[in-house]
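Every chain is numbered from 1 and lettered A, B, ... according to where its sequence line falls, protein lines coming before strand lines.
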Protein chains: 2
Amino acid sequence: MAGKRAVTRSSLPEVIANDLRERILSGELAEGETIRQEALAEEYAVSRMPIREALKRLDAEGLVQFTNNRGASVTKHSLREIAEIFDLRILLEVDLFRRAIPAMTAQDFTRCTQILDDMDASYDANDVAKWGALNHKYHSALYAAADRKLTNEVLQGISLHSDRFIRMHLSVMQQREPAKKEHRDLLDLAHARDVEGACTALAHHISRTKEELLSLVAEHRATADS
Amino acid sequence: MAGKRAVTRSSLPEVIANDLRERILSGELAEGETIRQEALAEEYAVSRMPIREALKRLDAEGLVQFTNNRGASVTKHSLREIAEIFDLRILLEVDLFRRAIPAMTAQDFTRCTQILDDMDASYDANDVAKWGALNHKYHSALYAAADRKLTNEVLQGISLHSDRFIRMHLSVMQQREPAKKEHRDLLDLAHARDVEGACTALAHHISRTKEELLSLVAEHRATADS
DNA sequence: CAGCCGGTTTTTGTATCCAAAACCCGGGCT
DNA sequence: AGCCCGGGTTTTGGATACAAAAACCGGCTG
């Protein structure tokens, strides 16, 4: 148990930002909801200042929006923007994958396989939060060999948003078994060093997720009136 | 003169962040330089708090780095990361351009031409800051027809960094007249609706800039020891 | 003489406090 | 009766003040 390496490795605004991010991603804080700084301050038993910094950070990440002197509210994306998020993912992930595949080692493959196993487990266990985290981990592992720090950071920033919608509708999407297989196929194609095949498969995989999610969100919003 | 539309359209941290950003981009604040909050606070005649928020924002943009309790310092990119910045630009800009070209209207073309004229003027006048701003404007105008808000935002974030290095060495690069012509060629190809030709031209244009800049930065760093 | 340890100083991080701007509601005017 | 205007309340934004962590320097000891 050498876990707690650094005594207080994260500053107060950071842990608050992490928690708030999780709350937004999990849907506990709904789209468009206005955020009252003082309420959060009391809830976390700190002053309003760390809260402000945390919100500013989330604002930079695009999860909340600051309006002049009217405070912060959870961002709400249009269907069009959601589609764009996924298109960006395709663009970036395919590029990363293409660069990564020739450089992937046996270690990379075993690591990816392991994460996939964990993912399936949490998927079946209905542990949405864990699945989301593992999903990120899997993708990072897939593209680790590309050794592109900056691109990965940008991708993470974008994936945040896509994850929000995926998790929002994961319960419904669980019926889509093919996703599991597609994940495995990607790894197999990479292992066979079939760069183009793997890339098109990845593009299709994300694209299918996009289409499916778009219809789900559209349906959801239609019923929710809003 | 209907300029000052909104009375106080920008908050204090915002104007400070803008100014600091400009100072970093212009090279007034050198790479790796540590930033003393109190010094800036006195300089801007405000308290340390707006400064902190501004720095946090720049941190989110990647222009400065926060270390635990040791404050902020201007980020310094490795040659490898600089190359990655330009590769990302290629990826994003080509995608935007491809989507934009079929949708570009006469208005778009005239607007682009006009900006190009201004750019040439500031280029010849050696006005580096203005040239940078216009460069941004030109690219935004080129991709405006794509109507991809999010992608453009991401691109802006990345271009910030590339601009930093371009402006750092613009005085040397002025000898490279071909860049002017390339800019015009891009517009002509787009006007002819030659999507693939325009995209490859754009990719080559950015790629050439990248190569040239990389050697300049490498040279600069070699002489500056550091 | 070098390395380590402790006190001092600087610098950051957080809290409390005050001012300014935005919303809400009621009253007056057209 | 409806609309506009003004005071009260709420909420954010900024300043000052305080505590904690880190760097720095000097002295001590092996």
**Check: B:T223/B:R221 side-chain N/O donor and acceptor closer than 3.5 Å** = no

Under a 4.0 Å heavy-atom cutoff, the residues of residues 51-60 of chain B touching DNA chain D are none

Where do N or O atoms of nucleotides 7-9 of chain D meet protein N or O atoms at under 3.5 Å, pair by pair?
none

Salt bridge B:R99-B:D147, side-chain N to carboxylate O under 4.0 Å
no

When rounded to whole Å, the CZ to P distance for the pair B:R70 and C:dT11 reads 15 Å

Sorted by chain and residue number, the side chain to side chain donor-acceptor pair (under 3.5 Å) partners of B:R89 (sequence neighbours excluded) come out as B:E93, B:S162

Sorted by chain and residue number, the side chain to side chain donor-acceptor pair (under 3.5 Å) partners of A:E43 (sequence neighbours excluded) come out as A:R23

Dump every N/O contact between nucleotides 7-9 of chain C and the protein below 3.5 Å, one line per pair.
none

Taken in chain and number order and not counting sequence neighbours, the residues that satisfy side chain to side chain donor-acceptor pair (under 3.5 Å) with A:N152 are none

**Asked** Between A:D120 (side chain) and A:D117 (backbone), is there a donor-acceptor pair under 3.5 Å?
**Response** no

Out of C:dT14, D:dG14, D:dA22, minimum distance to the side chain of B:P13 belongs to D:dG14

- Between A:T113 and A:R111, a side-chain donor and acceptor under 3.5 Å: no

Here the residues of residues 28-49 of chain A within 4.0 Å heavy-atom distance, strictly under, of DNA chain C are A:V46, A:S47, A:M49

To the nearest angstrom, the CZ-P distance between B:F66 and D:dA21 comes to 19 Å

Separation of D:dT12 atom C1' from A:N69 atom CG, nearest Å, is 6 Å

Across all chains, not counting sequence neighbours, the side chain to side chain donor-acceptor pair (under 3.5 Å) partners of B:S159 are none

Across all chains, not counting sequence neighbours, the salt bridge (charged side-chain N to carboxylate O under 4.0 Å, His left out) partners of B:D118 are none

Quick note, ring-ring contact (aromatic ring centres under 6.0 Å, His included) partners involving residues 24-61 of chain B, not counting sequence neighbours, are none

Here the salt bridge (Lys or Arg N to Asp or Glu O under 4.0 Å) pairs for residues 56-73 of chain A, sequence neighbours left out, are A:E14-A:R57, A:R21-A:E61, A:K56-B:E53

The ring pair (Phe, Tyr, Trp, His ring centres under 6.0 Å) partners of A:Y138 (sequence neighbours excluded) come to A:H183

Would you say the side chains of B:E31 and B:S73 form a donor-acceptor pair under 3.5 Å?
no

